[in-house]
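In what follows, a structure is listed as structure tokens, so that the remarks can point back to it.
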Amino acid sequence: MTYGLNGAIATSSAHASQVGLGILKSGGNAMDAAIAACAVQCVVDPMQTGIGGDCFALVSPKGSAEIDGLNGSGRAPSGLSADLLLEQGIDEISLTSPHAITTPGAIDAWVRLHEKYGSMEFADILAPAIDAAENGFVVTQRTSVDWQLATEKLLQNEAASALFLKNGEPPKAGTKWQLPKLAATLKAVAKSGRAAFYEAR
């Protein structure tokens, strides 16, 4: 059990938790810390989460009993329906099927949560994630296992292989890894918000 007098944060990454705690210590609020930690998690644990995914949040504004919820899950194409798929002989959607693709909701959710609850500048909140992606982070033991398990899938996509594999191999625990293209995307989002991600501006 962990206790905190003025705040606490928990993630599956020590790096992300440290960043969130640093945000709190620097005067940021809980939402600033949550977004910062989540963004870092998307960098340092890319086989489990990422900016191309979803975001769900339950918020207790200023510790009140009222709970605000945000469903940042991706939407499926408006023209897609079960009947349409069944007419094409498709009765199951695999994880790698193009029919499984949704519009990523995470970035939009971060922006909405920041606008409603955040206290720091959005660019400052994303700065630690940008730094980790641009200058590198150390792959942990747990993350290296997930990376290894994803290797076969990564090898099936040239772009994914270029980002996440080196000579066809995943990084081992203790390896320093950089994701400069992810850093560039996060920089654009930090500067221009959701439009940079969804509208390529």
Side-chain angles (χ1 to χ4, degrees), residues 11-13 15-16 34-59 68-114 126 129-130 132-133 137 139-140 142-171 177-190 192-201:
T11 75
S12 61
S13 160
H15 189 163
I35 296 170
C38 186
V40 169
Q41 191 90 29
C42 289
V43 175
V44 304
D45 199 4
M47 298 304 116
Q48 290 294 323
T49 188
I51 63 173
D54 301 327
C55 174
F56 304 90
L58 293 174
V59 184
D68 288 346
L70 186 143
N71 180 349
S73 60
R75 295 189 178 193
S78 61
L80 188 64
S81 69
D83 289 338
L84 180 64
L85 293 172
L86 290 171
E87 287 172 10
Q88 297 175 28
I90 301 170
D91 59 6
E92 182 179 339
I93 298 177
S94 70
L95 290 175
T96 56
S97 166
H99 299 101
I101 296 171
T102 61
T103 302
I107 296 294
D108 183 66
W110 292 355
V111 172
R112 289 174 185 267
L113 290 167
H114 174 258
L126 294 186
I130 293 168
F137 58 93
V139 176
T140 66
R142 173 67 256 177
T143 300
S144 72
V145 171
D146 296 329
W147 221 311
Q148 178 66 48
L149 292 172
T151 301
E152 185 176 344
K153 186 182 292 184
L154 293 171
L155 285 169
Q156 295 174 24
N157 184 282
E158 186 176 339
S161 295
L163 287 172
F164 298 115
L165 301 176
K166 185 173 183 180
N167 299 321
E169 295 292 330
W177 199 265
Q178 294 168 276
L179 294 167
K181 290 186 177 180
L182 178 54
T185 300
L186 288 169
K187 283 181 181 179
V189 171
S192 304
R194 63 169 63 84
F197 188 76
Y198 297 102
E199 302 171 31
R201 286 194 285 177

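Positions are given from 1, in the same order as the sequence printed here. Being a predicted model, the structure only gives us computed values, none of them experimental.
Applying the side-chain contact (heavy atoms from CB on, under 4.5 Å) criterion to F56, with sequence neighbours excluded, gives D54, N71, S73. With sequence neighbours excluded, the residues satisfying salt bridge (charged side-chain N to carboxylate O under 4.0 Å, His left out) with D108 are R112, R194. H114 meets the ring pair (Phe, Tyr, Trp, His ring centres under 6.0 Å) test with F122; sequence neighbours excluded. For R142, the salt bridge (charged side-chain N to carboxylate O under 4.0 Å, His left out) partners are D146, not counting sequence neighbours. For the side-chain contact (heavy atoms from CB on, under 4.5 Å) test, no residue two or more places apart in sequence or in another chain qualifies with E169.
Of the possible donor and acceptor atoms, none in the side chain of Y198 sits under 3.5 Å from a partner among the backbone N and O of T103. Of the possible donor and acceptor atoms, one in the side chain of T151 sits under 3.5 Å from a partner among the backbone N and O of Q148. For T49 (side chain) and D45 (main-chain N/O), no donor-acceptor pair under 3.5 Å exists by modelled atom type. The closest donor-acceptor contact from the side chain of T140 to the backbone of T143 lies under 3.5 Å.
For the pair F164/P46, a side-chain contact is recorded, criterion being any heavy-atom separation below 4.5 Å from C-beta on. Looking at heavy atoms from C-beta onward, V111 lies out of side-chain contact with F197 at the 4.5 angstrom threshold. Between I51 and T185, the closest side-chain pair of non-hydrogen atoms falls below 4.5 Å. Using a 4.5 Å heavy-atom cutoff, the side chains of W110 and C42 are in contact. Side-chain contact between M47 and L154: present, with at least one pair of heavy atoms (C-beta onward) separated by less than 4.5 Å.
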Side chain to side chain contact (heavy atoms under 4.5 Å, CB included) between L70 and V59: does it pass, once the steps are laid out?
CA-CA 8 Å; L70 186 143; V59 184; over 6 Å; no

Apply side chain to side chain contact (heavy atoms under 4.5 Å, CB included) to residues L155 and L165 and explain how you reach the verdict.
CA-CA 8 Å; L155 285 169; L165 301 176; 3.6 Å; yes

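Taken to the nearest 0.5 Å, the OG1 atom of T102 stands 11.5 Å off from the CG atom of L80. To the nearest 0.5 Å, atom CG of residue L163 and atom CG of residue L179 are 7.0 Å apart.
With no hydrogens or angles considered, no side-chain donor-acceptor pair links Q48 and S12 at under 3.5 Å.
The two atoms that bring L84 and G79 nearest to each other are CD2-O, 3.5 Å, heavy atoms only. Of all the heavy atoms in T11 and A16, the pair that sits closest is OG1-CB, 3.6 Å. When all heavy atoms of A109 and C55 are compared, the pair lying nearest together is CB-CB, 3.6 Å.
A parallel orientation is assigned to the rings of F137 and W147, their planes being inclined by less than 30° (bins at 30° and 60°).
Residue pairs satisfying the side-chain hydrogen bond (donor to acceptor under 3.5 Å, both in side chains) criterion with at least one member in residues 85-98, sequence neighbours excluded, are listed as follows: S97-H99.
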